[in-house]
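A quick write-up on the structure given underneath.
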Amino acid sequence: MDVESRASSSPPPDAAADAAVDWRGRPCEPRRHGGMRAAVFVLGIQAFEIMAIAAVGNNLITYVFGEMHFPLSQAANVVTNFVGTIFLLSLLGGFLSDSYLGCFWTMLIFGFVELSLKPPPCNMAATDGGCEQARGIKASIFFAALYLVALGSGCLKPNMIAHGADQFAAAAGGGAAAAADNAKRLSTYFNSAYFSFCAGELVALTALVWVQTHSGMDVGFGISAAAMAAGLVSLVSGAAFYRNKPPQGSIFTPIARVFVAAYTKRKQICPSSSSDPVNAGVCEPAHLAGGSFRHASKFRFLDKACIRAAEQGPNTKPESPWRLCTAAEVRQAKTLLAVAPIFACTIVFNTVLAQLQTFSVQQGSAMDTALGGAGSSFRIPPASLQAIPYAMLLALVPAYELLLVPLMRRATGARSGITPLQRIGVGLCTVPLSMVAAATVERRRRDLSLSAGGAPPRAMSVLWIVPQFLVFGVSEMFTAVGLIEFFYKQARGAGMQSFLTALTYCSYAFGFYLSSVLVSLVNRVTASRGGGAHGGHGGWLGDNDLDKDRLDLFYWMLAVLSVINFFCYLLCARWYNSGGADDGCDASASAQVAAEGDGNGKEII
């Protein structure tokens, strides 16, 4: 079978996406299936799932450090490794969904995995030593259960976003007006998804963390399990309304074929029409452009995967798919390579997030947590400080959608107000300010504590660390939502909605892993240079006492890295925007593309 017949026998990704089915496998009816009526059930499971997992992850450092008695830097690494694993496993969830199971069944299966497995209970208020650092079998059971929770949550996350967005796919043949309306609704959905995320985080970081702190982790885990069960009920309740994107088979096989074919033909010379009429135009950008493909002129070495070894005739043995690929397969591979630099530029952003879930919580523990002064009996659990930006975002996200987006639509002409790449850029530009605020406050807190001498140490109010959470919350509203929307739009023409959406969470994973690496590296380097607070050998983060550590210098280092990362992003975004006039979709999506970008269909940062 030659390249043309293979192309005609396999429907293009967009055609497959249009052939959505209901829960019985029948073709969808536009008036009965999809839309916000269906997406609201997906938003429900998203809110309940984040509520369940955030209550565990965001207070885990308090549990591991205070009750299991791990050293502070090791406890921080336990948390970042756990959260990083959750996000890394999202790639597995995206792959299974796009290739074999579909979003709905992937969410249902791994939702039950997350529901039924949890770390062993331990009363955080106990003082009998029952929660001493676990070793041997006890430690193995604890971490096995913890990472099975990570498996369930990781495989669930990308499918919630992708399945909700799939409810807004424009009808085939709807024209530019329908595509424009769909682009507007899709942007609104992504903002609604982030609002749902913030609501779940807020409940987890207030009510559930308070329960964990005052009633024990066993009760807290039980409530988290109940929240996850409620999310699964929400998911199943909407089954009759969903548009389900059928799985397309392995999404990696076509991409792998492109690289193999291009490598085997690496010595081939792209022919001109006069020298080789069989392969005329194969290596020209127009061959892949399809009228709109932005990256046709990039990664030109992959174009050789489309070169035929010989003219095909009735008695000629067709070339193997591993030696001759379609233009659609080459576009798919180029899309994946093109988004990689954008993905890489968000890793440092998520390393900053890791500090807010680890060291900033311990920073709050070393401050006065009483509300209303030292004599007040009401104290804020340090982990609940992370709820402050989410409470603010519950007001900011609707304001962004209802006020800023219409204003920016009139100013830029883009249906989403500002393009996803611009939105990511705003977040990356402001996130260094979060670390600047954190470093300034930590330096002041440490100086006050050390200046007390033999007297009782003077403690700053815990509310002084609120600004670093607020600034990061605003940054995340731009970067996280922009990144999800960006990846989803690239995936439409490649049939990889769940997998590319999972790259957003993979960025979180690498950010948290990078945090673990930086903590260990900084300790090693500063310890060897006598970087301890009093000339010791522990390094900036080597002690369990923040008064002896130099957390402020670590925060300053992250602020500098964030600034450098922002300028790298500007270069990557400019490179991405070079090329044809689209957002990475193929020709069949060109009307949709034009509706979402500027007048030329471009995303300009």
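Treat the numbers as computed from the prediction; the structure is a model and nothing was measured. Nothing fancy with the numbering, it's 1 onward along the sequence.
- Within the 4.5 Å cutoff, the side chain of L43 has heavy atoms near those of the S192 side chain.
- Between H33 and N244 the shortest side-chain heavy-atom distance does not fall below 4.5 Å.
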Q) Could you go step by step and tell me if S360 and Y555 meet the side chain to side chain donor-acceptor pair (under 3.5 Å) rule? A) CA-CA 10 Å; S360 291; Y555 282 154; 3.1 Å; yes
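- Checked against the 6.0 Å centroid threshold, F478 and Y400 count as a close aromatic pair.
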Q) Passes side chain to side chain contact (heavy atoms under 4.5 Å, CB included), Y189 versus Y488? Steps please. A) CA-CA 12 Å; Y189 163 73; Y488 185 84; over 6 Å; no
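- Counting only N and O atoms by type, the side chains of T335 and Q332 include no donor and acceptor under 3.5 Å apart.
- No donor-acceptor distance shorter than 3.5 angstrom exists from the side chain of S434 to the backbone of V471, with no hydrogens or angles considered.
- Aromatic ring pairs are classed by plane angle as parallel below 30°, tilted from 30° to 60° and perpendicular above 60°; the pair W575 and F299 is perpendicular.
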Q. Passes side chain to side chain donor-acceptor pair (under 3.5 Å), T351 versus S515? Steps please.
A. CA-CA 5 Å; T351 300; S515 175; over 6 Å; no
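- For the pair L353 and F512, the minimum side-chain heavy-atom distance is below 4.5 Å.
- Considering CD1 of I161 and CD of Q46, their distance stands at 4.0 Å, rounded to 0.5 Å.
- Applying the side-chain hydrogen bond (donor to acceptor under 3.5 Å, both in side chains) test to Y194 and every residue at least two apart in sequence or in another chain returns E476.
- Taking the six-membered ring for Trp and the full ring otherwise, F486 and Y576 have centroids separated by under 6.0 Å.
- Between D303 and K334, at least one side-chain nitrogen of the basic residue sits less than 4.0 Å from a carboxylate oxygen of the acidic one, meeting the salt-bridge criterion.
- In this structure, Q422 contributes its side chain and T419 its backbone to a donor-acceptor pair below 3.5 Å.
- Here the shortest heavy-atom pairing between V436 and T440 reads O-OG1, 2.8 Å.
- Using modelled atom types, one side-chain atom of T430 and one backbone atom of G427 make a donor-acceptor pair closer than 3.5 Å.
- Going from atom CG of L561 over to atom CD1 of I347 covers 12.5 Å, rounded to the nearest 0.5 Å.
- In this structure, the separation between CE on M477 and CG on N191 is 8.0 Å, given to the nearest 0.5 Å.
- Nearest heavy-atom pair across V352 and S562 is CG2-OG, 3.6 Å.
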(Q) Let's go through Y390 and L394 carefully: what are the C-alpha distance in whole Å and the side-chain angles of both, what is the deciding distance for side chain to side chain contact (heavy atoms under 4.5 Å, CB included) to 0.1 Å, and is it a yes or a no? (A) CA-CA 6 Å; Y390 294 111; L394 288 179; 5.8 Å; no
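- Remark: aromatic rings of Y505 and F510 are distant, center separation not under 6.0 Å.
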(Q) side chain to side chain donor-acceptor pair (under 3.5 Å) for Y513 and N350? Distances and angles first, verdict last. (A) CA-CA 10 Å; Y513 289 140; N350 290 305; over 6 Å; no
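- Closest approach of R243 and D166 over heavy atoms only: NH1-O, 2.7 Å.
- Between W322 and V258, every side-chain heavy-atom pair lies at or beyond the 4.5 Å cut-off.
- L324 contributes atom CG, which lies 9.0 Å from atom CD of E329 (distance to the nearest 0.5 angstrom).
- Y263 does not carry K304 over the face of its six-membered ring by the limits of under 6.0 Å from the centre and within 45° of the normal.
- I424 CD1 to C345 SG: the interatomic distance, rounded to the nearest 0.5 Å, is 9.5 Å.
- When every heavy atom of P389 is checked against every heavy atom of G473, the shortest pair comes out as CB-CA, 3.9 Å.
- The two residues A150 and F82 make their nearest non-hydrogen contact at CB-CE1, 4.0 Å.
- You'll find the side chain of L151 stays beyond 4.5 Å of the side chain of I86, heavy atoms only.
- Side-chain contact between R410 and L407 is present, with heavy atoms from C-beta onward closer than 4.5 Å.
- The line from CE of M160 to CZ of F197 is 9.5 Å long, rounded to the nearest 0.5 Å.
- Considering only heavy atoms from C-beta on, C506 comes within 4.5 Å of F343 through its side chain.
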Q) Could you walk me through whether V330 and T326 pass the side chain to side chain contact (heavy atoms under 4.5 Å, CB included) check? A) CA-CA 7 Å; V330 175; T326 65; over 6 Å; no
Q. For Y569 and I342, what are the C-alpha separation, side-chain angles and deciding distance, and is it a side chain to side chain contact (heavy atoms under 4.5 Å, CB included)?
A. CA-CA 7 Å; Y569 172 77; I342 303 297; 4.0 Å; yes
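- Nearest heavy-atom pair, V42 versus G164, reported as atom, atom and distance to 0.1 Å: CG1-N, 4.0 Å.
- For the pair Y242/H163, a side-chain contact is recorded, criterion being any heavy-atom separation below 4.5 Å from C-beta on.
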